[in-house]
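Notes follow once the structure below has been shown.
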There are 2 protein chains.
Amino acid sequence: MAGTPKVDIPRERILCEAEALFAERGYYAVTIREITKAAHCNLAAVNYHFGNKENLYMEVFRCLWKPRAKRVLARFESILGAKREVTLAGIVRAVAEAFIKGPLSDDERLRHSQLMVREMAKPTEAFEMVVGEVIGPFQQKLADLIRPFMDREMGQVSLLLQIQSIISMVIHFNFARNPVMRITGREYDARFKDELVEHVVQFCLSGLNGVGKGGNP
Amino acid sequence: MAGTPKVDIPRERILCEAEALFAERGYYAVTIREITKAAHCNLAAVNYHFGNKENLYMEVFRCLWKPRAKRVLARFESILGAKREVTLAGIVRAVAEAFIKGPLSDDERLRHSQLMVREMAKPTEAFEMVVGEVIGPFQQKLADLIRPFMDREMGQVSLLLQIQSIISMVIHFNFARNPVMRITGREYDARFKDELVEHVVQFCLSGLNGVGKGGNP
DNA sequence: TTGACATTAAAACATCTGTTTAATACATAT
DNA sequence: ATATGTATTAAACAGATGTTTTAATGTCAA
């Protein structure tokens, strides 16, 4: 079973299992029969509780994805708020920690980013909702936080590209575990995640030069 | 039609249309009937020329994806080879230009990265082939190129994380056009792509500080 | 032309898909 | 206890899907 829901009613079980399956294999690869079987309930339960498959998919984003995203953002705020003064390094570290370690379990984090990546590849109504209500506002807030550290004459687009670059890295290290593990030969244990956070912070702050000497052999 | 194949035989048309549809919507969302209709040939043609749907998908990677990836890598080598001396900036710029502008048309580039991202989300046999034959070797070569510029004591894993970070950015700016356009409000025209290349180079070389002053207001 | 082979076409097949129906069980309030 | 609204079940439905079959068509050498 994929993550134990607090209330053990069929509706919750369906949502939970549906999310896990949608994340892993995508909307069309998953059948209602699979979902209801995993949730130990009758085939008709999906249509009874959610109307149809498409709305079940939307409800996954409304009831599970969105609250979880908010938990991550709350963690970000919390990490940032704990600091005496806000620095550029502090902001980046807060992002990296919230997204790569954060309040989510490993399974949750994987599901979460897989669903998002699938939406980025082919956006549906869910994407509109999530960008409008969660991701968009967050990136704007991040831009406002970072702007004071940037050149005065830097355009808003440039600023947003900086944000996107940070985000692209944390998304990548979350959802592309497979290639990352395969190429680096490392497991996603606590130690490796610490290294990942450290790496993201270093890279975002000073790029390749941050750890290099810049010398030519 | 999705990109005009050189030889106008049904087999080629099917491959071409299949790739476009698989990239846009994923394996299960696409039906053989759709593919053959788009390719203006009979339903049975897929099973005649490719045996079954699964093998058609694999052939897309073997016959279209892989050669195209090699074209991109060849462009990378070419850009790098044209330089008088190899610098860190030169390497990063070569990667960014090859992947973001490169030898591919806009449609090709989008398809290419969408297919890859779908494979990263849920790897199939195609992923194994592509990582083993193209992506893996390329990242190793990139690591060898960059190593001389890094600290002597830097571990191989750290080095590969640097590579992954560069790659994650170019992949992101290729396949996540939708969110990027939506959030920055820009179109993916030649001008914007130039800006993207410039941004990636700057960011990878010196991170956020590269364009900022680092001052606290 | 004839014969052999490769390709295309149309139809049929078995299975799977999302959805609906109708019947049943269950709980709670009167 | 009875009635009422809710939740579950099993069965059926219509349409879609991958695949196979069988026939027709084209191609080209002997």
Side-chain angles (χ1 to χ4, degrees), chain A residues 1-2 4-64 115 118-119 122 124-126, chain B residues 1-2 4-64 115 118-119 122 124-126:
Chain A
M1 229 175 302
T4 315
K6 292 140 201 158
V7 190
D8 193 37
I9 58 176
R11 200 192 129 93
E12 301 298 320
R13 289 204 309 269
I14 290 175
L15 267 178
C16 201
E17 299 293 337
E19 182 186 47
L21 289 166
F22 285 148
E24 194 192 332
R25 306 218 300 275
Y27 182 81
Y28 289 99
V30 176
T31 70
I32 294 184
R33 283 169 176 81
E34 276 181 289
I35 296 170
T36 50
K37 192 172 181 182
H40 298 103
C41 64
N42 190 269
L43 166 65
V46 162
N47 295 77
Y48 177 77
H49 288 286
F50 301 93
N52 54 35
K53 186 185 177 185
E54 204 175 316
N55 197 56
L56 166 60
Y57 181 79
M58 280 302 297
E59 282 292 297
V60 164
F61 276 84
R62 276 191 281 258
C63 301
L64 299 183
L115 282 174
R118 290 187 189 282
E119 278 297 321
K122 176 129 189 81
T124 72
E125 204 187 321
Chain B
M1 228 175 301
T4 316
K6 293 142 204 161
V7 189
D8 193 36
I9 58 176
R11 201 193 128 93
E12 301 299 321
R13 289 205 308 271
I14 291 175
L15 267 177
C16 200
E17 298 295 337
E19 181 185 47
L21 289 166
F22 285 148
E24 194 192 332
R25 307 219 298 275
Y27 182 81
Y28 289 99
V30 176
T31 70
I32 294 185
R33 282 171 177 81
E34 275 180 291
I35 296 170
T36 50
K37 193 171 180 182
H40 299 104
C41 62
N42 191 268
L43 166 64
V46 161
N47 294 78
Y48 177 77
H49 287 287
F50 301 94
N52 55 34
K53 186 185 178 185
E54 205 176 316
N55 196 57
L56 165 60
Y57 181 78
M58 280 301 297
E59 283 291 298
V60 164
F61 276 84
R62 276 191 281 258
C63 302
L64 298 183
L115 283 173
R118 290 188 189 282
E119 278 296 321
K122 176 130 189 80
T124 71
E125 205 187 322

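Letters go in sequence order (proteins before strands), and every chain restarts at 1.
You'll find the side chain of B/R25 stays beyond 4.5 Å of the side chain of A/Y28, heavy atoms only.
Of the candidates C/dT17, C/dT8, D/dT17, the closest approach to any side-chain atom of B/H49 belongs to C/dT8. Of the candidate nucleotides C/dT7, C/dA12, C/dT19, C/dA12 has the atom nearest to the side chain of B/R33.
Using a 4.0 Å cut-off between charged nitrogen and carboxylate oxygen, A/E34 and A/K37 do not count as a salt-bridge pair.
Residue contacts shown for B/A44 include a base, since a base heavy atom lies under 4.0 Å away.
A parallel orientation is assigned to the rings of A/F22 and A/Y27, their planes being inclined by less than 30° (bins at 30° and 60°).
Computed from coordinates, the A/Y48 OH to D/dA7 P distance equals 4 Å when rounded to whole Å. Distance CG (A/N52) to P (D/dA14): 20 Å, rounded to an integer number of Å. In this entry the distance linking CG of A/L43 with P of D/dA11 reads 12 Å, nearest Å. What separates CD1 of A/I9 from C1' of D/dT6 is a distance of 13 Å, to the nearest Å. Remark: P of D/dA24 and CG of B/N42 are 15 Å apart, rounded to the nearest angstrom.
Distance CD/B/E125 to CE/B/M58: 4.5 Å, rounded to 0.5 Å.
Between B/N47 and D/dT19 there is a side-chain polar atom (N or O) within less than 4.0 angstrom of OP1 or OP2.
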